[in-house]
Amino acid sequence: MTPAAIAVIRPAALRNNLEVVRHAAPGCRVLAVVKANAYGHGLVAVAQILADADGYAVARLEEARQLRDAGISRRIVLLGGCVDADEVAEADRLGLDLVIHDLDQVSLLEANPSPAPPDLWLKVDTGMGRLGIEPGALGAARDRLGRWLAGRGRLRLMTHLASADVADDAATAGQLARFALLGRDWRDDVSVANSAAILQWPASRLCAAGTSGHCDWVRPGLMLYGVSPLPGRFAATLGLQPAMSFETRLIAVRNLPAGRCVGYGGAWRAARDSVIGVAAAGYADGYPWHVPAQTEVLVNGQRAPVVGRVSMDMLSIDLTDLPRPRPGDRVVLWGERLPVEEVAARAGTIPYELLAGMSPRVVRQLEA
Ligand SMILES: *Cc1c(COP(=O)(O)O)cnc(C)c1O
């Protein structure tokens, strides 16, 4: 028995996409970003498949704990860092690298000396305006953390770009220039690039002296999952392969005469005698409620439009132009030949939100 809604995960695609990263950022080490359940793909499974990455980045302690519980011993960087002594102790127990983005976190570490300090990633705000130490406070933070580490853990420097998805953007150029200055005398590794920067900011190569490209460590997320981070650029043209196929099946196929309405609010009315399929997935699975008419799905590999409002567990599809659809037929909501980028654009959102918002009730299955 197949579950009603599944996400088929393709290990070969994930490995291919990691190769695309390595090719675009030669000589760099790769922190695979697996936060938010590996962008909906399944945290532990993805980490195991991407065993060739040089480490993983997660947003939360719980995510790191799941990886360790699954026996993953490789480097894990906690992007959000810790806010209290309990979290520092737990991170220490799990053997995590910590991002330090605030002077309060420096004080927190000073109050909690560690016999075996982890590697630290000091995050400087070069213009993102979210997490990060002010450039003016960087020197003091570095000295204090250097004393705390006492020559045992390493002290890396990182920053995050706000608009790397915009080509030739002055803000990104400014962030890179600021980081290059701040990192000029940095003795240890540095890290800047997310997916978009890896693909279209080779200038992030120049930001650390003596490194071969994109600084020493790159931090790809979205592109690992085969999704384009660049608006208007298709994943396939970047060599990326979608790692997920979000699928369900038809549970009803009905003939409705012209004039009949479909779904809540009667939001769609048949203009002709129609064949309407009901598929077993809805917004409770993570398919957006907000899709406009004419958003398409694949039924038996053929495109067909969603009609009426998406419900919690179901959505309706106009199958009038398809040959002999039947209950049980396969419906692909996004995946190969129907990029999640396309569905996101229709729904007025970004692929990140659709993927990260996929419900735990969607069963993740690894493709053999
Ligand atoms: C999420 C995240 C990334 C990955 O971003 P993508 O756009 O998915 O490649 C990299 N670095 C940091 C600090 C992040 O929070």
Side-chain angles (χ1 to χ4, degrees), residues 17 20-33 35-36 39 57 59 79-80 99 101 121-136 138 156-184 186 189-209 211-240 339-356:
N17 300 334
V20 174
V21 171
R22 296 235 183 251
H23 187 76
C28 297
R29 275 173 289 176
V30 178
L31 279 182
V33 180
K35 62 196 180 190
Y39 293 49
L79 291 173
V99 169
H101 53 73
W121 301 68
L122 181 54
K123 185 169 189 174
V124 60
D125 183 2
T126 52
M128 169 84 176
R130 194 180 57 182
L131 295 182
I133 296 209
E134 287 294 325
L138 188 63
R156 304 196 165 94
L157 182 66
M158 68 181 283
T159 197
H160 196 40
L161 301 173
S163 311
D165 55 325
V166 184
D168 303 320
D169 176 54
T172 302
Q175 281 198 266
L176 291 174
R178 248 165 270 139
F179 190 76
L181 266 181
L182 294 166
R184 209 175 26 191
W186 201 264
D189 297 344
V190 300
S191 173
V192 175
N194 58 3
S195 298
I198 290 167
L199 291 168
Q200 73 173 7
W201 286 95
S204 59
R205 253 170 225 179
L206 306 173
C207 61
T211 58
S212 56
H214 297 290
C215 304
D216 310 291
W217 292 79
V218 293
R219 308 187 305 270
L222 195 67
M223 70 182 288
L224 287 175
Y225 306 100
V227 179
S228 172
L230 307 177
R233 292 285 300 277
F234 293 107
T237 67
L238 300 164
L240 301 171
V340 64
E341 295 94 310
E342 177 185 324
V343 182
R346 290 262 182 195
T349 181
I350 51 175
Y352 295 87
E353 187 186 23
L354 294 187
L355 294 172

>> As an exercise, state the distance from CG of Asp216 to CG of Leu31, rounded to the nearest 0.5 Å.
In response: 11.0 Å
> Would you say Val166 and Thr172 make side-chain contact, with heavy atoms under 4.5 Å?
Replying inline: no
> If we only count heavy atoms from C-beta on, is the Leu182 to Thr126 side-chain gap below 4.5 Å?
Replying inline: yes
> Do the non-hydrogen side-chain atoms of Leu354 and Tyr39 ever get within less than 4.5 Å of each other?
Replying inline: no
> Going from CG on Leu238 to CG on Asn17, what distance comes out if it is rounded to the nearest 0.5 angstrom?
Replying inline: 10.0 Å
>> Tell me whether Glu341 contacts the main-chain N or O of Ser228 through its side chain, where contact means a donor paired with an acceptor under 3.5 Å.
In response: yes
> How about Leu157 and Phe179: do any of their side-chain heavy atoms sit closer than 4.5 Å?
Replying inline: yes
>> Minimum heavy-atom separation for Leu222 and Ser195, please, with both atom names.
In response: N-OG, 3.4 Å
> Is any side-chain heavy atom of Pro351 less than 4.5 Å from a side-chain heavy atom of Tyr225?
Replying inline: no
> Looking only at heavy atoms, what is the nearest atom pair of Ala344 and Ile350, with distance?
Replying inline: CB-C, 3.6 Å
> Any idea which heavy atoms bring Thr237 and Phe234 closest together, and the distance?
Replying inline: OG1-O, 2.7 Å
> Does the side chain of Val21 come within less than 4.5 Å of Met223's, by heavy atoms?
Replying inline: yes
>> Could you check whether any side-chain heavy atom of Trp121 comes within less than 4.5 Å of a side-chain heavy atom of Ser191, counting everything from C-beta outward?
In response: yes
> Does Val218 offer a backbone N or O that forms a donor-acceptor pair with the side chain of Arg29 under 3.5 Å?
Replying inline: no
> CD of Gln175 to CG of Leu161: how many Å apart, nearest 0.5 Å?
Replying inline: 5.0 Å
> What's the spacing between Arg22 CZ and Ile198 CD1 if we round to 0.5 Å?
Replying inline: 10.5 Å
>> Is it the case that the side chain of Gln200 and the backbone of Asp165 share a donor-acceptor pair, with hydrogens and angles ignored and the cut-off at 3.5 Å?
In response: yes
> Can you name the nearest heavy-atom pair linking Met158 to Val99, along with the distance?
Replying inline: SD-CG2, 3.8 Å
> Looking only at heavy atoms, which two atoms of Val124 and Ile133 are closest? And how far apart?
Replying inline: CG2-O, 3.3 Å
>> I'd like to know if Asp125 and Arg130 make a salt bridge, using a cut-off of under 4.0 Å between side-chain N and carboxylate O.
In response: no
